[in-house]
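The structure under discussion appears below in the form of structure tokens.
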Amino acid sequence: MTVLVTGGAGYIGSHAVLALLEAEYTVLVLDNLVNSSRESLSRVERLAGRQLTFIEGDIRDRQLLDKLFAEHAIEAVMHFAGLKAVGESVAEPLAYYANNVGGSVTLFQAMADAGVRRLVFSSSATVYGEPECMPLSEAAPTARASNPYGQSKLMVEEVLKDLARADARWSIALLRYFNPVGAHASGEIGEDPQGPPNNLMPYIAQVAVGKREKLSVFGGDYATRDGTGVRDYIHVVDLVEGHLRALEVLKHCTGAHAWNLGTGRGYSVLEMVAAFEAISGKRVPYTLQARREGDVAECWADPAKARKELDWQARRGLEEMMADTWRWQSKNPDGY
Ligand code: NAD
Ligand code: UDP
């Protein structure tokens, strides 16, 4: 079976491509390399011992998409392509809506015209807005996000729900990621942010490897066990296993289905720092700073729906997340 993976050269996409190749899928990657490099896919090919087809191009290029669907027997799409920096999305909302919403709609139109109606979409726990009670199940209401990035995820979910209502032949997974971290156990592929990392885990790793002086902890006065923000961190390899399960399940069901991909456990920022120090043997100096705008105090998943319907659950614990992050970062201090 042939799967088109958009954004397959990126952090999560590259791990998904590896898992797909290992599971004997034929893989086509479409990526414009705006936030990634071709090197990630060369390493994926080496690890898998199999080849993929790479097309450098943009999901907003309708002609290119039509050509891909015409030339390859694509049966499903995993759609990772998009821009993901929250702060940048506030400064450049049009770029975010054009890429993440416009690009997605163009992709779905090309799929519809080609008769390809099986889709796994990278959504996010950000669609829950500023939730009141934890853990978050898929039944929790979605809400306007505090930034255009989050809003673009919510908008694409709405587009896909309308699409599934309008045409019952579509099979769609809306995978709501909590906080993906970690790297493949080989240390060959991992997260390679361009410029200063926006997310906690790559920032910690870059401090440990000596690329950044210290971590700024955003907020020490939340109503949490140590005052710092609590999140549900999930190992990227567990996350992509959830994608492969969703792809299987979509073969036998139609409609648009939301599934949380999280562990169901929350850790604070300081717990993450301590766990990383323990595994790496490196010190991670930090200073407490003001809260970051738009952050919630706590967020973790109720993963029961995915466990029941996808027969999937996260298996890798905090130590493995830390050890794999450190292996990737220390083997590749400057990324790819
Ligand atoms: P990433 O930036 O590493 O990967 C995204 C890939 O898409 C990159 O390789 C980039 O070059 C490509 N891309 C961007 N715009 C494109 C376009 N118009 N056409 C073709 N390719 C394009 O990000 P990631 O962390 O791997 O995230 C993958 C997906 O998961 C994104 O949609 C992201 O919003 C979503 N997500 C990520 C997280 C997270 O914490 N990493 C959390 C929730 C959801
Ligand atoms: N965080 C932090 N310093 C950083 C980056 C993040 O203290 O440099 C905190 C942030 O406030 C949140 C947690 O780490 O409590 C996870 O943030 P991240 O940006 O990784 O993911 P988010 O949950 O915001 O998507």
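Both ligands and their constituent atoms are indexed starting at 1 by order of listing. The shown structure was predicted, so the numbers you read here are calculated from the model rather than taken from an experiment. Reckoned from all heavy atoms, side chains included, excluding hydrogens, waters and symmetry mates.
- Between Met78 and the choices Thr6, Val240, Leu247, Ile12, the side-chain contact (heavy atoms from CB on, under 4.5 Å) rule is met once, by Leu247.
- If you look at Ser216 next to ligand 2, the close heavy atoms, those under 4.0 Å, all belong to the backbone.
- Closest to atom 4 (C) of ligand 2, if we only count protein heavy atoms, is Phe218 CE1, 3.3 Å.
- Near Leu33, with a cut-off below 4.0 Å to any heavy atom, the atoms of ligand 1 are 11 (O).
- At a heavy-atom cutoff of 4.0 Å, ligand 2 is contacted by the side chain of Val269 but not by its backbone.
- Side-chain contact between Gln151 and Tyr96 is absent, with no heavy-atom pair separated by less than 4.5 Å.
- Residue contacts with ligand 1 for Ala125 are absent, since no atom lies close enough (heavy atoms, distance under 4.0 Å).
- A donor-acceptor pair is defined here as one N or O able to donate and one able to accept, closer than 3.5 Å; no such pair exists between the side chain of Arg117 and the backbone of Arg169.
- Interface atoms of ligand 1 facing Ser122, defined by a heavy-atom separation under 4.0 Å, are 29 (C), 30 (O), 32 (O), 35 (C).
- Looking from atom 21 (O) of ligand 2 to the surrounding protein, the closest heavy atom is Asn179 ND2, 3.0 Å.
- One option in Arg231, Met272, Arg292 has a heavy atom closer to atom 17 (O) of ligand 2 than any other, and that option is Arg292.
- Residue Tyr203 places no N or O, backbone or side chain, under 3.5 Å from any N or O of ligand 2.
- For a threshold of 3.5 Å applied to N or O pairs, the pair formed by Asn35 and ligand 1 contains at least one separation below that value.
- Annotation: Lys84 places an N or O atom under 3.5 Å from an N or O atom of ligand 1; distance criterion only.
- Contact check for Cys299 versus Leu136: side-chain heavy atoms found under the 4.5 Å cut-off.
- Ranking protein heavy atoms by distance to atom 20 (O) of ligand 2, first place goes to Leu200 N, 2.9 Å.
- Between His15 and Tyr11, the ring planes are perpendicular. Angles over 60° get that label, and only those under 30° would be called parallel.
- Side-chain contact of Arg43 with Asn332: a donor-acceptor pair under 3.5 Å is present, judged by distance alone.
- At a threshold of 4.5 Å between side-chain heavy atoms, the hydrophobic network of Ile, Leu, Val, Met, Phe, Trp and Tyr places Met321 and Ile234 in two separate groups.
- Between Thr2 and Leu4, the closest side-chain pair of non-hydrogen atoms is not below 4.5 Å.
- Using 4.0 Å as the threshold, Ser14 has no heavy atom nearer than that to any atom of ligand 1.
- Within the structure, ligand 1 lacks Glu191 among the residues with a heavy atom less than 4.0 angstrom away.
- Leu288 and Tyr222 are members of different hydrophobic clusters when ILVMFWY side chains are connected at heavy-atom separations under 4.5 Å.
- For the pair Met201 and ligand 2, the shortest N or O to N or O distance does not fall below 3.5 Å.
- Listed for the Asp324 side chain is no donor-acceptor partner under 3.5 Å among the backbone atoms of His184.
- At a heavy-atom distance under 4.0 Å, no atom of Asn199 approaches ligand 1.
- Within the 4.0 Å heavy-atom criterion, neither part of His79 lies near ligand 1.
- Ligand 1 has no atom lying under 4.0 Å from any heavy atom of Thr6.
- Under a 4.0 Å criterion applied to the non-hydrogen atoms of Gly229, ligand 2 contributes the atoms 15 (O).
- Each of the following atoms of ligand 1 lies closer than 4.0 Å to a heavy atom of Ser123: 43 (C), 44 (C).
- Which parts of ligand 1 touch Val34 is read off a 4.0 Å heavy-atom cut-off, strictly below it: atoms 10 (C), 11 (O), 13 (N), 14 (C), 15 (N).
- The residue from Asn32, Leu30, Val181, Val29 that puts a heavy atom closest to atom 16 (C) of ligand 1 is Asn32.
- Residue contacts with ligand 1 leave out Gly103, since none of its heavy atoms falls under 4.0 Å from the ligand.
- Partner Leu30 forms a side-chain contact (heavy atoms from CB on, under 4.5 Å) with one of Ile55, Thr53, Asp58, Val5 and no other, that one being Ile55.
- For an aromatic pair to be called close, the ring centres must be under 6.0 Å apart, and Trp300 with Phe178 fails this.
- Only the side chain of Asn99 comes within 4.0 Å of ligand 1, judged by heavy-atom distances.
- Of the N or O atoms in Ile59, one or more lie within a sub-3.5 Å distance of an N or O in ligand 1.
- Polar contact with ligand 1: present for Ile12 (N/O pair, distance under 3.5 Å).
- Note: the hydrophobic cluster containing Tyr286 also contains Val181 (ILVMFWY, side chain heavy atoms under 4.5 Å, direct or indirect links).
- Of all protein heavy atoms, the one closest to atom 33 (C) of ligand 1 is Tyr149 OH, 3.6 Å.
- Remark: minimum distance from atom 3 (O) of ligand 1 to any protein heavy atom is reached at Tyr11 N, 2.8 Å.
- Regarding atom 43 (C) of ligand 1, its nearest protein heavy-atom neighbour is Tyr177 CD1, 3.5 Å.
- Using a 4.0 Å cutoff on heavy atoms, Tyr233 counts as a contact of ligand 2.
- Under the 4.0 angstrom criterion for non-hydrogen atoms, Gly57 is in contact with ligand 1.
- Judged by distance alone, the side chain of Asn32 and the main-chain N or O of Val34 form a donor-acceptor pair under 3.5 Å.
- Counting protein heavy atoms only, atom 31 (C) of ligand 1 is closest to Phe80 O, 3.1 Å.
- Between Phe121 and Phe108, the two ring planes are perpendicular [angle over 60°; tilted spans 30° to 60°].
- The closest protein non-hydrogen atom to atom 4 (O) of ligand 1 is Gly10 CA, 3.5 Å.
- In Asp295, the part holding a heavy atom less than 4.0 Å from any atom of ligand 2 is the side chain.
- The side chain of Leu215, and not its backbone, has at least one atom closer than 4.0 Å to an atom of ligand 2 (non-hydrogen atoms only; side chain from C-beta on).
- Counting heavy atoms under 4.0 Å from ligand 2, residue Val230 does not touch it at all.
- Atom 11 (O) of ligand 1 has Asp31 OD1, 2.7 Å as its closest protein atom, hydrogens excluded (heavy atom only).
- Using a 4.5 Å heavy-atom threshold, the side chains of Met272 and Leu318 count as touching.
- Within the 4.5 Å cutoff, the side chain of Arg231 has heavy atoms near those of the Asp295 side chain.
- Counting only heavy atoms of the protein, atom 5 (C) of ligand 1 lies nearest to Gly82 O, 3.8 Å.
- When side chains are defined from C-beta on, Tyr128 counts as touching Asn260, because their heavy atoms get closer than 4.5 Å.
- Nearest protein heavy-atom neighbour of atom 18 (P) of ligand 2: Asn199 ND2, 3.5 Å.
- Among protein heavy atoms, the minimum distance from atom 40 (O) of ligand 1 is reached at Pro180 CD, 3.3 Å.
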